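Scroll down for the structure; my scribbles are underneath it.
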There are 2 protein chains.
Amino acid sequence: MKVLPTLRQLRYLVAVVERCHFGQAAEACLVSQSTLSAGIQELEELLGAPLLERTKRSVVPTPLGREIAARAKALLTGAEELVDAAQAAKEPMAGPLHLGVIPTVGPFLVPRAMPALRAAFPALKLYLREDQTVRLLAQLNAGELDTVVLALPFPTEDVETLEIARDRFWVVCPPGHRLCSAQAASAADMAPEDLLLLEDGHCLRDHALAACALEGGRRSAAFQGTSLHTLVQMVANGLGVTLLPEMALEAGILRGLEVSALPLSGEAPWRRIGLAWRRSSGRKETFRRLAAALQAEMEPRPPPG
Amino acid sequence: MKVLPTLRQLRYLVAVVERCHFGQAAEACLVSQSTLSAGIQELEELLGAPLLERTKRSVVPTPLGREIAARAKALLTGAEELVDAAQAAKEPMAGPLHLGVIPTVGPFLVPRAMPALRAAFPALKLYLREDQTVRLLAQLNAGELDTVVLALPFPTEDVETLEIARDRFWVVCPPGHRLCSAQAASAADMAPEDLLLLEDGHCLRDHALAACALEGGRRSAAFQGTSLHTLVQMVANGLGVTLLPEMALEAGILRGLEVSALPLSGEAPWRRIGLAWRRSSGRKETFRRLAAALQAEMEPRPPPG
DNA sequence: TCTGATCAATCGTAAAATTCGATTAATCTA
DNA sequence: TAGATTAATCGAATTTTACGATTGATCAGA
């Protein structure tokens, strides 16, 4: 049987490699600097190789140290997931849960669903974080988030998802615009328009373009907004038309504005919203129930004005 | 920061779940029964849930216990790989290495390549194990094997491979057979023959059939042999023809027998032999060098008689 | 129904480890 | 050069870990 390092030692290493500083690492690990120093040395002795380069006032991990630290971090995440699995087996809907949401969903889903979630799962301590898809997924994989609400599909493996809503696109145009009179707008209708979209990085941009069967490459930065509210203002000022997700309309994003909205028609004129979590997570039952609750909460409502 | 179990506790749990017996598990862990018992209880207390059902003379893991044990085993494997990575970074070609080989390669590759491997890597302690592909892969993923020599492709992910040889198929037929006079045999030539193959489970069976563009379903069990030597004997007795890999011929499998051999022609009349290892392994450099050495050793030789 | 055997839990004690605070040695800054 | 910062080292206190012996429960066979 092989001699293994302890998770404690590995935690010390990860802390030091992340901070390049013994004192700060020790503080983060809630131990004294001498304890952490000794732990690192134990690990280096066990592995028979230097993991850190101590040179003139700065600590730098060796290439091997970086490699070992990465493996160590994965092990620590796995150990946490193991504990989560035990906890969730007893009480799936209890304890802290770090939930990420993309910016084109968060402001509309959170106010709408949170009260019901709080009522249904009073023991669940929900910590919310809003960011773009790629960053949320990075945090998910780093174990900093437990689960994420985002638009499907997205480019990552090692993740499981459940769909919680289909969010129809609506075309929003200024008063008097040629599309206003129609019952719906087709993808073909959109091609000649000045289409206002969010800046790069927002998945809504790509999904909106896809729903219209359009390419995004040629669109200039001048037509990019930083939030859906900004886009609506630009439409109201006659700069063009935009596509908004139905949940934004249902949240009243057009209230008090002189613009018209009509549903997008076509093959699949919506984006799919889903809940995602690490394949290795220990709380899948928690996420399934959370997804079911979100799905119920996001059921389509009477069509928005 | 979450309180984590120790790897020691997890190792105890895995040992008990695998054996359903405290005493035997303690022996396997090289600790006393009381120590192991205490360790398990610590773990159950930490996780706040029973992992084992102690009932009348027998120990059975609870569903949660099984789940936790599976996760624990993965963590332990990961920790071993971490140690391997450190060791291999210092000396890639040193230490114990558990190598699996499929039965249609082992008897021909091992005698041929071992002496050179021993000479090239004297510090490498090679432990060999011969079994069929699926079992080798199971053992590879369980961490019981470090690397495996098998035929490509095979149905598994989480594994990296390098090709080490292309092993041509030869048609072996009894003296006076209609094919004997030809320079080579095509896939079409094989269709009407009584083709003798290994029994199910040997990947050589499937790859040989594929090289002839034939289906395996209709072949009866009566035409199945348990080893390549058996097949050759059956051919010598006039029961049909067979396909042998070139490395078997080079090893002299036909010596002293009244049979003829001619190369198979066609699109890809060979099987590909490769070295495989866990994607998460810490000894990739070791495997790359081993694959290179095996490849050099298995270079085609002057065509066999 | 007893008896001996088996098995996991428990207990008390010895050994080993972990931790901390204080100190040291080295390096950098003012 | 004095002071500040940082990681390593040391010694002592504490905690953890391990062991052997024992207990209590269950089972098999007489």
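Order of the sequence lines sets the chain letters (A, B, ...), proteins ahead of strands, with each chain counted from 1. Small disclaimer: the values here were computed from a predicted structure and weren't measured. Atom set for the values below is all heavy atoms of this structure, side chains included, hydrogens, waters and symmetry mates excluded.
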Between atom [atom1] of [X] and atom [atom2] of [Y], what is the distance when rounded to the nearest 0.5 Å?
X         : Y         : atom1 : atom2 : result
Leu82(A)  : Leu4(B)   : CG    : CG    : 9.0 Å
Leu150(A) : Asp131(A) : CG    : CG    : 11.5 Å
Leu140(A) : Asp146(A) : CG    : CG    : 8.0 Å

Measure from [atom1] on [X] to [atom2] on [N] and round the result to the nearest Å.
X        : N       : atom1 : atom2 : answer
Phe22(A) : dA26(C) : CZ    : P     : 17 Å
Glu27(A) : dC20(C) : CD    : P     : 13 Å
Glu53(A) : dT6(D)  : CD    : C1'   : 17 Å
Arg54(B) : dC7(C)  : CZ    : C1'   : 12 Å

- Passing option when Glu160(B) is tested against Arg278(B), Arg283(B), Lys284(B) for salt bridge (Lys or Arg N to Asp or Glu O under 4.0 Å):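 For Glu160(B), the salt bridge (Lys or Arg N to Asp or Glu O under 4.0 Å) check succeeds only for Lys284(B).
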- Using heavy atoms and a sub-4.0 Å distance, could you list which residues of residues 43-52 of chain A are near DNA chain D? By number, please.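 Contacting residues: none.
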- Message: Tell me which residues in residues 13-20 of chain B lie within less than 4.0 Å of DNA chain D, going by non-hydrogen atoms.
- Response: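 Residues of residues 13-20 of chain B that come under 4.0 Å of DNA chain D do not exist, since none gets that close.
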- Message: Suppose we screen for salt bridge (charged side-chain N to carboxylate O under 4.0 Å, His left out). Which residues come up paired with Asp84(A), at least two apart in sequence or across chains?
- Response: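 So Asp84(A) forms a salt bridge (charged side-chain N to carboxylate O under 4.0 Å, His left out) with Lys2(B).
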- Under a 4.0 Å heavy-atom criterion, the protein footprint on nucleotides 14-20 of chain D, written with B, S and -, is ---SSBB
- Do the side-chain N or O atoms of Ser37(B) get closer than 4.0 angstrom to the phosphate oxygens (OP1, OP2) of dA8(C)?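 Result: no.
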- Message: With nearest nucleotide decided by heavy atoms, which residue, Gln41(B) or His21(B), maps closer to the 5′ end of DNA chain C?
- Response: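 Looking at DNA chain C, the more 5' nearest nucleotide goes with His21(B).
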- Can you run down the salt bridge (charged side-chain N to carboxylate O under 4.0 Å, His left out) pairs that involve residues 60-71 of chain A, sequence neighbours left out, and say none if there aren't any?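 Qualifying pairs, neighbours excluded: Glu67(A)-Arg71(A).
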- Message: By the salt bridge (charged side-chain N to carboxylate O under 4.0 Å, His left out) test, which pairs, at least two apart or in different chains, include something from residues 14-24 of chain B?
- Response: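 Output for this query lists Glu18(B)-Lys73(B).
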- Task: For residues Leu124(A) and Ala94(A), report the shortest heavy-atom separation together with the two atoms involved.
- Result: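 In this case the closest contact between Leu124(A) and Ala94(A) is CD1-N, 3.8 Å.
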- Query: Taking 4.0 angstrom as the limit, do Arg135(A) and Glu130(A) come out as a salt bridge?
  - Reply: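 No salt bridge links Arg135(A) with Glu130(A).
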- Message: Show, in sequence, the C-alpha distance, side-chain angles and deciding distance for Ser280(B) and Glu81(B), and conclude whether the side-chain hydrogen bond (donor to acceptor under 3.5 Å, both in side chains) test is met.
- Response: CA-CA 7 Å; Ser280(B) 60; Glu81(B) 286 172 342; 2.9 Å; yes
- With a 3.5 Å cut-off and no angle check, do the side chains of Thr230(B) and Ser227(B) form a donor-acceptor pair?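 A donor-acceptor contact under 3.5 Å links the two side chains.
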